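I have placed the structure first, in the form of structure tokens, so that the comments after it can refer back to it.
What you see below is based on every heavy atom in this structure, not just the backbone, and it leaves out hydrogens, waters and symmetry mates. Quick caveat: nothing in here was measured; it's all calculated off a predicted structure.
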Amino acid sequence: MDELVGRLVAELGIDRQVAEQAVGIILAFLIKEAPADKIKPLIDAMPGAAEAAAAAPSGGVFNMGGIMGVGTQLMGLGLGMGEVQGVARTLLAFAREKVGPDQVDEMVGAIPGLSQFA
């Protein structure tokens with residue numbers, strides 16, 4: 001997780017704590033929404049991913065579902081729309097490096113609305 005968080009901080013210029021929370025929020029969403037056989041290889045390939053997802057802040061007042069709920073949670077961390085897209089794209093690019101593009105593309109295709117960030 002440190003590698004991914006470091007990449008987000010370097011590429012997007014966001015605060016490390018915000019990057020960690022953003023990764024956790026997205027991973028928690030993927031674990032909830034993606035078919036288990038599609039997300040498990042990614043979680044297994046990213047040490048600390050399950051823990052980051054478990055530690056992710058809950059939706060709170062923004063507790064709406066789907067990709068819009070994730071975006072709202074990320075904006076609640078103080079991220080702008082461009083940063084939200086950057087975090088999602090960087091995380092998915094990182095995932096492709098870890099488990100391969102086919103696996104990630106299948107996972108993305110299984111979640112409505114996620115392809116706009118792929």
Side-chain angles (χ1 to χ4, degrees):
M1 293 306 305
D2 284 339
E3 182 183 353
L4 174 57
V5 170
R7 191 178 294 184
L8 290 169
V9 170
E11 291 180 8
L12 302 175
I14 61 176
D15 179 78
R16 184 169 189 81
Q17 183 177 1
V18 171
E20 289 171 356
Q21 291 177 333
V23 168
I25 289 168
I26 294 171
L27 290 174
F29 169 75
L30 294 175
I31 289 169
K32 180 181 176 199
E33 298 293 328
D37 65 323
K38 304 297 182 206
I39 188 63
K40 185 174 181 348
L42 176 60
I43 299 301
D44 291 347
M46 294 174 62
E51 294 80 4
S58 66
V61 296
F62 303 119
N63 199 13
M64 64 176 78
I67 196 75
M68 293 301 292
V70 172
T72 302
Q73 280 187 279
L74 295 173
M75 287 187 281
L77 296 175
L79 298 174
M81 184 52 81
E83 291 167 321
V84 168
Q85 291 174 334
V87 169
R89 287 185 177 128
T90 300
L91 188 146
L92 291 173
F94 185 80
R96 285 182 178 93
E97 293 171 17
K98 296 297 179 188
V99 297
D102 292 341
Q103 183 76 23
V104 173
D105 290 345
E106 288 177 18
M107 179 187 63
V108 168
I111 301 172
L114 188 57
S115 63
Q116 67 184 328
F117 296 100

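To the nearest 0.5 Å, atom CG of residue Leu74 and atom CD1 of residue Ile25 are 5.0 Å apart. The line from CD1 of Ile31 to CG of Leu27 is 6.0 Å long, rounded to the nearest 0.5 Å.
Heavy-atom minimum distance, Ala34 versus Met107: CB-CG, 3.7 Å. Minimum interatomic distance between Ala19 and Val5 (heavy atoms only, all atoms of both residues): CB-CG1, 3.9 Å. Looking at every heavy atom in both residues, Ala45 comes nearest to Val99 through CB-CG1, 3.7 Å. Nearest heavy atoms, Ala22 versus Leu77: N-CD1, 3.7 Å. For the pair Ile14 and Leu8, the tightest heavy-atom approach, listed with the atom from each and the gap, is CG1-O, 3.9 Å.
Counting heavy atoms from C-beta outward, Phe29 and Gln73 have side chains that stay 4.5 Å or more apart. Residues Ile111 and Ile67 are not in side-chain contact: their nearest non-hydrogen atoms beyond the backbone lie 4.5 Å or more apart. With a 4.5 Å cut-off on side-chain heavy atoms, Leu114 and Leu30 count as touching. Counting heavy atoms from C-beta outward, Leu4 and Thr90 have side chains that approach closer than 4.5 Å. Within the 4.5 Å cutoff, side-chain heavy atoms of Met75 are placed close to those of Val84.
The side-chain contact (heavy atoms from CB on, under 4.5 Å) check on Asp37 picks up Pro35, with sequence neighbours excluded. Taking Glu51 as the reference, nothing meets the side-chain contact (heavy atoms from CB on, under 4.5 Å) condition, with sequence neighbours excluded. Listed by chain and residue number, Ile43 satisfy the side-chain contact (heavy atoms from CB on, under 4.5 Å) test with Ala50 (two or more places apart in sequence, or in another chain).
Among residues at least two apart or in separate chains, side chain to side chain donor-acceptor pair (under 3.5 Å) pairs with a member in residues 106-118 are Lys38-Glu106. Sorted by first and then second residue, the salt bridge (charged side-chain N to carboxylate O under 4.0 Å, His left out) pairs with a member in residues 70-96 read Arg96-Asp105; sequence neighbours excluded. Identified under the side chain to side chain donor-acceptor pair (under 3.5 Å) test for residues 12-31, with sequence neighbours left out: Asp2-Arg16.
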